[in-house]
Participant: 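Please find one structure pasted underneath; my questions will follow.
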Amino acid sequence: MSFRIGIWDHCRYVVNRQQPYDEIASHLERMRKAGVTWADIYLPEVPSLDDYCRAAANCGVQVEARLTPAWAGNDVVKRTLPEALWQEMENKYGIRLAGPCGNHPENRRKFVAATEKLLQEYSGRLSAFHLDFIRNDNALLLLDYPCQCAECQKLYERFFGVKTLTREQLSNPAIAYKVLSLRNDNVTQTVLELRKLSKKYDLTMTIAARANYIDSADITDPPVWGLGPAVLEGQDWVKWLDNDYIDEVFPMNYHTQIDMFNSLVQDYLRLLGAKAASALHIGVGVSSSMGVNPPEEIAKRLQILKESNLPGAMLFNKTNVYSDDYCDVLKEFAQ
């Protein structure tokens with residue numbers, strides 16, 4: 001059975017961003033020699049997708065375009081809160097989480113339109129498109145700080161009779177369920193609209209998924225409740241695979257503790273069953289916000305995935321630069 005190795009790429013190694021072809025080509029040629037067969041390029045940071053696709057084609061690397069709702073335009077509606085609640089969040093957790101609102105229909109329209117424009121131009125050069133941040137980020141804070149943009153307030157007014165939900169109301173299980181249901185339904189609707197495009201242009205559609213789907217053992221310190229749970233953020237990726245809304249899922253399992261990494265792998269195998277053998281490419285962290293996994297630890301993780309009869313792995317390295325010892329590990333598992 002073949003074992004595919006891919007990389008998430010942000011082109012952070014490119015110095016000459018006005019003429020990036022030579023640096024991109026050099027990087028991709030080196031990674032291809034190490035056994036990498038596909039690259040997932042993050043559109044907001046690639047200096048030239050034309051150059052990237054041309055360099056990849058010249059060395060036999062497939063390209064996935066990595067899209068996010070925020071990429072769709074400068075006027076995407078962000079999650080909205082009164083300043084007093086932003087201050088409370090910042091004082092309590094040290095962060096303001098103001099990503100695109102997943103409930104907003106205009107955000108959906110812009111994301112779908114921008115994606116179709118891209119596919120019209122590049123579908124012959126792409127093997128797939130990849131959805132990142134297809135969720136409302138940060139499960140823990142969403143429980144206490146639901147968005148108050150105009151569209152969310154319309155939903156609250158219809159279902160709860162008020163535009164703004166109090167903490168007391170959010171503690172009501174029925175209300176909490178409906179808020180979560182609306183979040184999941186609206187993010188899923190965006191996925192379904194994009195699925196139509198994947199069918200229209202005959203492209204594989206994949207997602208970067210929260211590592212914790214629903215109840216995995218995970219980090220629980222705020223502001224991030226581990227790497228999920230995905231369902232609290234509107235990213236029900238198991239349902240999406242079950243219903244053929246997406247083709248493949250890449251859970252971002254960047255843990256530096258091998259027991260934790262393996263525990264999540266076993267969760268995925270249980271959740272997906274036979275589908276895992278074709279649809280599951282687990283994201284492995286070389287360096288990330290969770291820490292660094294040295295080459296020998298990457299080898300352990302790839303061995304677990306290969307022995308689990310999975311089709312491949314997707315490597316994440318926030319610098320995008322892989323030293324020779326990492327490349328040697330990749331080459332060993334790609335053969």
Side-chain angles (χ1 to χ4, degrees), residues 44 67-112 114 131-191 193 207-214 218-237 252 289:
L67 320 175
T68 75
W71 158 83
N74 295 326
D75 54 351
V76 168
V77 179
K78 301 292 185 68
R79 294 181 61 243
T80 303
L81 287 173
E83 181 58 28
L85 289 180
W86 284 126
Q87 288 287 346
E88 179 182 303
M89 182 192 297
E90 194 164 29
N91 292 339
K92 190 173 182 180
Y93 297 110
I95 194 170
R96 290 189 180 212
L97 284 166
C101 174
N103 284 337
H104 205 291
E106 189 64 13
N107 285 350
R108 179 182 308 123
R109 187 195 65 77
K110 291 173 182 174
F111 192 18
V112 173
L131 308 182
D132 196 6
F133 289 94
I134 191 68
R135 61 180 190 264
N136 288 267
D137 52 323
N138 203 286
L140 179 60
L141 297 191
L142 285 178
L143 295 176
D144 291 332
Y145 301 99
C147 177
Q148 294 184 26
C149 75
E151 291 298 323
C152 283
Q153 287 188 332
K154 286 181 185 177
L155 292 173
Y156 304 154
E157 190 168 27
R158 177 189 174 194
F159 289 102
F160 314 123
V162 294
K163 290 185 176 182
T164 304
L165 293 166
T166 66
R167 293 283 164 82
E168 183 179 5
Q169 287 173 308
L170 289 168
S171 68
N172 180 321
I175 292 176
Y177 164 79
K178 189 59 181 178
V179 170
L180 177 58
S181 176
L182 291 168
R183 189 180 301 147
N184 271 277
D185 289 347
N186 281 300
V187 177
T188 297
Q189 186 59 42
T190 301
V191 171
E193 293 294 320
I207 72 161
R210 283 302 206 192
N212 182 344
Y213 169 68
I214 196 166
D218 210 337
I219 299 168
T220 56
D221 293 335
V224 178
W225 189 0
L227 301 178
V231 293
L232 284 187
E233 299 183 335
Q235 189 190 72
D236 195 341
W237 53 263
M252 299 174 287
S289 59

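We're numbering straight along the sequence, starting at 1.
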Participant: Looking at side-chain heavy atoms only, is the closest gap between Leu131 and Thr190 below 4.5 Å?
Facilitator: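 When only atoms from C-beta onward are counted, Thr190 and Leu131 do not touch, as no gap falls below 4.5 Å.
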
Participant: Please round to the nearest 0.5 Å and tell me the distance separating atom CG of Leu182 and atom SG of Cys152.
Facilitator: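 Interatomic distance, Leu182 CG to Cys152 SG, rounded to 0.5 Å: 8.5 Å.
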
Participant: On the six-membered ring of Tyr156, is Arg158 placed so that its NZ or CZ lies under 6.0 angstrom from the centre and within 45° of the ring axis?
Facilitator: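 No - Arg158 does not lie over the ring of Tyr156 by the 6.0 Å and 45° rule.
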
Participant: Would you check if Asp144 and Leu170 make a side-chain contact, meaning some heavy-atom pair closer than 4.5 Å?
Facilitator: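 Heavy-atom side-chain distance check fails, nothing below 4.5 Å.
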
Participant: How about Glu88 and Leu85: do any of their side-chain heavy atoms sit closer than 4.5 Å?
Facilitator: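 Yes, their side chains come closer than 4.5 Å.
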
Participant: Over all heavy atoms of both residues, which pair between Asn136 and Arg183 is shortest? Give the atoms and the distance, please.
Facilitator: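 Scanning both residues completely, I find the closest heavy atoms to be ND2-CG, 3.2 Å.
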
Participant: Just by distance, do the side chain of Asp132 and the backbone of Ala208 share a donor-acceptor pair under 3.5 Å?
Facilitator: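 Looks like no, no N/O pair under 3.5 Å.
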
Participant: Please tabulate, for the side chains in residues 69-83, all donor-acceptor contacts under 3.5 angstrom to protein atoms that are two or more places apart in sequence or on a different chain.
Facilitator:
from: Asp75; atom 1: OD1; to: Lys110; atom 2: NZ; distance (Å): 3.3
from: Asp75; atom 1: OD2; to: Lys110; atom 2: NZ; distance (Å): 3.1
from: Arg79; atom 1: NH1; to: Leu97; atom 2: O; distance (Å): 2.6
from: Arg79; atom 1: NH2; to: Tyr145; atom 2: O; distance (Å): 2.6
from: Thr80; atom 1: OG1; to: Lys78; atom 2: O; distance (Å): 3.0
from: Glu83; atom 1: OE1; to: Arg96; atom 2: NH1; distance (Å): 3.4
from: Glu83; atom 1: OE2; to: Gln87; atom 2: NE2; distance (Å): 3.0
from: Glu83; atom 1: OE2; to: Arg96; atom 2: NH2; distance (Å): 2.6

Participant: Please report the interatomic distance CD(Glu233) to CG(Leu180), rounded to the nearest 0.5 Å.
Facilitator: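 Answer for the CD-CG pair, Glu233 versus Leu180, is 10.5 Å.
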
Participant: Are the side chains of Trp237 and Val231 in touch, meaning some heavy atoms are under 4.5 Å apart?
Facilitator: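 Heavy-atom side-chain distance check fails, nothing below 4.5 Å.
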
Participant: Checking side-chain contact (heavy atoms from CB on, under 4.5 Å) between Phe133 and each of Leu67, Thr68, Ile207, which is the one that passes?
Facilitator: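 When side-chain contact (heavy atoms from CB on, under 4.5 Å) is applied between Phe133 and each of Leu67, Thr68, Ile207, only Thr68 qualifies.
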
Participant: Distance from Phe160 atom CZ to Thr166 atom OG1, nearest 0.5 Å?
Facilitator: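 Answer rounded to 0.5 Å: 11.5 Å.
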
Participant: How long is the straight-line distance from CE of Met89 back to CD1 of Ile95, given to the nearest 0.5 Å?
Facilitator: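 Nearest 0.5 Å value for the CD1-CE distance: 8.5 Å.
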
Participant: Establish, from distance only, whether the side-chain atoms of Gln189 and Glu193 form a donor-acceptor pair under 3.5 Å.
Facilitator: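 Checked: Gln189/Glu193 side chains pair up, N/O donor to acceptor below 3.5 Å.
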
Participant: Could you check whether any side-chain heavy atom of Cys149 comes within less than 4.5 Å of a side-chain heavy atom of His104, counting everything from C-beta outward?
Facilitator: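 Yes. Closest side-chain heavy atoms under 4.5 Å.
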
Participant: Counting only N and O atoms by type, is there a donor-acceptor contact under 3.5 Å from the side chain of Ser181 to the main-chain atoms of Tyr177?
Facilitator: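 A pair under 3.5 Å: no.
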
Participant: Please report the closest heavy-atom contact between Arg210 and Ala230, naming both atoms and the distance.
Facilitator: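 Closest approach of Arg210 to Ala230: CB-CB, 3.7 Å.
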
Participant: Is any side-chain heavy atom of Ile175 closer than 4.5 Å to one of Gln169?
Facilitator: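 Of all side-chain heavy-atom pairs linking Ile175 with Gln169, at least one is under 4.5 Å.
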
Participant: Taking the side chain as every heavy atom from C-beta outward, state whether Lys154 and Glu157 have any atom pair closer than 4.5 Å.
Facilitator: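 Not touching, per the 4.5 Å side-chain cut-off.
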
Participant: Among Cys101, Pro100, Pro105, which residue meets the side-chain contact (heavy atoms from CB on, under 4.5 Å) test with Asn103?
Facilitator: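 Option passing the side-chain contact (heavy atoms from CB on, under 4.5 Å) with Asn103: Cys101.
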
